[in-house]
Number of protein chains: 2
Amino acid sequence: MTAADNDSISAAVEVIGDRWSLLVLRGVFRGLHRFGELRDDLGIASNLLTDRLGRLVNYEVLEKVPYQHRPVRYEYRLTESGRALSPVLVAIMQWGDSYRQDPTSAPMTLVHAQCNAPVENITRCTQCNEVLDAQHIRRADHRTSTT
Amino acid sequence: MTAADNDSISAAVEVIGDRWSLLVLRGVFRGLHRFGELRDDLGIASNLLTDRLGRLVNYEVLEKVPYQHRPVRYEYRLTESGRALSPVLVAIMQWGDSYRQDPTSAPMTLVHAQCNAPVENITRCTQCNEVLDAQHIRRADHRTSTT
DNA sequence: CAGTATCCTCGAGGATACTG
DNA sequence: CAGTATCCTCGAGGATACTG
């Protein structure tokens, strides 16, 4: 067994470390909930969309909610666990905007619905509230990494 | 062209929407900088590690820094753009801890080096500073999504 | 030690057609 | 409309051997 197993990042990677899964989630966060909406928006093959939606439902990130009967049709809604992925998506989007954005297209800004002001994703100290970058973060209960 | 192209998430997904790339990055954030360290830690095949390191260097997320001459040997360091991925990794780790963690293994806590207190990744409003979840975030300059 | 070169296999991905 | 079923192809992934 290597360090690639059994930690919280690799556990999360099973769910979101996949191009289509991440793009499907982005779509659901954007308000696309139905199969056809997602398929048309993403340009994903239907068998792949079926697969990804099924996986996300299995991981309890999405849940199927019937929106019509006879025939029954489901839409895909974020679960609590799915909504908790919001900071991940925001962090990714923010990084993409800053470092990977095609300069010709405008960045996609997210705002606080009440204030109408931009949101930002940060990592901060729960004690002093300071915004932290990688240099000021270390692993707890671990002899300082000597490797 | 579909919505899958040409936005900041799909731009970022090219870099990190891949299991091994993300795990390599995690390793570098943890202080593993040399080829052999990463290979042994991740259990990744050497050709794949070569490929992923090369891609991350191309994306200017990592850079090669010589640490020895005759023969010259390089180690892989985060660039500014790479360090800026810290919130993404922290957000992913935090989510994995909360929702995907194998209950038998302890979560991997990150702390502020000065305070020794745990860090947290959040999304907040740049104006009122409130911590925001998905329900309070919307896209700017966009008729409110009616779909 | 830090890769490069080769080879093989399996399965992801996509296209297309079909169905309750 | 929301999938399921099939089929095909290509390339990612891994193992192994080799090299400056």
Side-chain angles (χ1 to χ4, degrees), chain A residues 1-5 10 13-28 31-59 62-78 146-147, chain B residues 1-5 10 13-28 31-59 62-78 146-147:
Chain A
M1 187 171 81
T2 70
D5 311 304
S10 47
V13 160
E14 286 177 40
V15 183
I16 58 163
D18 167 80
R19 173 181 145 76
W20 283 125
S21 297
L22 211 46
L23 293 174
V24 167
L25 274 172
R26 182 198 61 174
V28 177
L32 307 173
H33 297 292
R34 301 188 180 173
F35 192 92
E37 291 173 341
L38 288 162
R39 186 195 50 215
D40 297 346
D41 182 66
L42 299 179
I44 185 178
S46 56
N47 54 346
L48 293 189
L49 183 54
T50 300
D51 176 76
R52 291 308 189 282
L53 287 171
R55 294 187 48 180
L56 292 170
V57 168
N58 279 336
Y59 284 129
L62 297 181
E63 61 187 348
K64 295 170 75 158
V65 179
Y67 67 86
Q68 148 186 320
H69 303 277
R70 199 173 323 248
V72 62
R73 291 278 182 263
Y74 295 96
E75 58 184 20
Y76 296 87
R77 293 272 168 193
L78 293 162
T146 51
T147 35
Chain B
M1 186 171 81
T2 70
D5 311 305
S10 48
V13 160
E14 286 177 41
V15 183
I16 57 163
D18 167 80
R19 172 181 146 76
W20 283 125
S21 298
L22 210 45
L23 293 175
V24 167
L25 275 172
R26 182 198 61 174
V28 177
L32 307 173
H33 298 292
R34 301 188 180 173
F35 192 90
E37 291 173 341
L38 288 162
R39 185 195 51 214
D40 298 346
D41 183 65
L42 299 179
I44 185 178
S46 56
N47 55 346
L48 293 190
L49 182 55
T50 300
D51 176 76
R52 291 308 190 282
L53 287 171
R55 295 186 48 180
L56 292 169
V57 168
N58 278 336
Y59 284 129
L62 297 180
E63 62 188 348
K64 294 169 77 159
V65 180
Y67 67 88
Q68 146 188 323
H69 303 277
R70 200 173 323 246
V72 63
R73 290 278 181 264
Y74 296 96
E75 56 184 20
Y76 297 86
R77 294 272 169 194
L78 292 163
T146 52
T147 35

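Chain identifiers are assigned alphabetically (A, B, ...) following the order of the sequence lines, protein sequences preceding nucleic acid strands; residue numbering begins at 1 within each chain. Bear in mind that the values here come from a model prediction, so they are computed numbers and not experimental data.
For the pair B:Arg26/B:Asp41, a side-chain contact is recorded, criterion being any heavy-atom separation below 4.5 Å from C-beta on. Here the side chains of A:Tyr67 and A:Val65 are not in contact, with every heavy-atom distance at 4.5 Å or above. B:Leu62 is not listed as a side-chain neighbour of B:His33, based on a closest heavy-atom distance of 4.5 Å or more. The closest side-chain heavy-atom distance from B:Ser21 to B:Val15 is not below 4.5 Å. B:Leu25 has its side chain within reach of B:Leu78: a pair of non-hydrogen atoms, C-beta onward, lies under 4.5 Å apart.
Taking B:Glu14 as the reference, A:Arg100 meet the salt bridge (Lys or Arg N to Asp or Glu O under 4.0 Å) condition, with sequence neighbours excluded. Under the rule for a side chain to side chain donor-acceptor pair (under 3.5 Å), the partners of A:Arg34 that lie at least two apart in sequence or sit in another chain are A:Glu75.
In this entry the distance linking CG of A:Leu49 with P of D:dA5 reads 16 Å, nearest Å. As a whole-Å value, the separation of B:Glu37 CD from C:dC1 C1' is 12 Å. Rounded to whole Å, the distance from CG on A:Leu48 to P on D:dA2 is 17 Å. When the C1' atom of C:dG13 is taken as reference, atom CZ of A:Arg55 falls 14 Å away, rounded to whole Å. For A:Asp51 and C:dG13, the CG to C1' distance is 10 Å, given to the nearest whole Å. Separating the CZ atom of A:Arg19 from the P atom of C:dG14 is a distance of 7 Å, rounded to the nearest angstrom. Between the CG atom of A:Asp40 and the C1' atom of D:dA2 there is a distance of 12 Å, rounded to whole Å. Distance, B:Leu42 CG to D:dG14 P: 11 Å, rounded to whole Å.
Between B:Arg39 and A:Ile44, it is B:Arg39 whose nearest contact on DNA chain C lies nearer the 5' terminus.
B:Arg52 has a side-chain polar atom (N or O) that falls below the 4.0 Å cut-off from OP1 or OP2 of D:dG13. Between A:Thr50 and the phosphate of D:dG3, there is no side-chain N or O to OP1/OP2 separation shorter than 4.0 Å.
In the displayed structure, A:Tyr74 atom OH is contacted under 6.0 Å by at most 12 heavy atoms of other residues, nucleotides or ligands.
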Open item on the list: Can you give me the dot-bracket string for DNA chain D, 5' to 3', counting Watson-Crick and G-U wobble pairs with both distances under 3.5 Å, using [ ] for crossing pairs and | for partners on another strand?
Closed with: ||||||||||||||||||||
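Applying the side chain to side chain donor-acceptor pair (under 3.5 Å) test to residues at least two apart or on different chains, the pairs with a partner in residues 42-58 of chain A are A:Asp18-A:Arg52.
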- [ ] Spell out protein contact along nucleotides 15-20 of chain D as letters: B when the base is contacted, S when just the sugar-phosphate is, - when no protein heavy atom is under 4.0 Å; keep the 5' to 3' order.
- [x] B----B
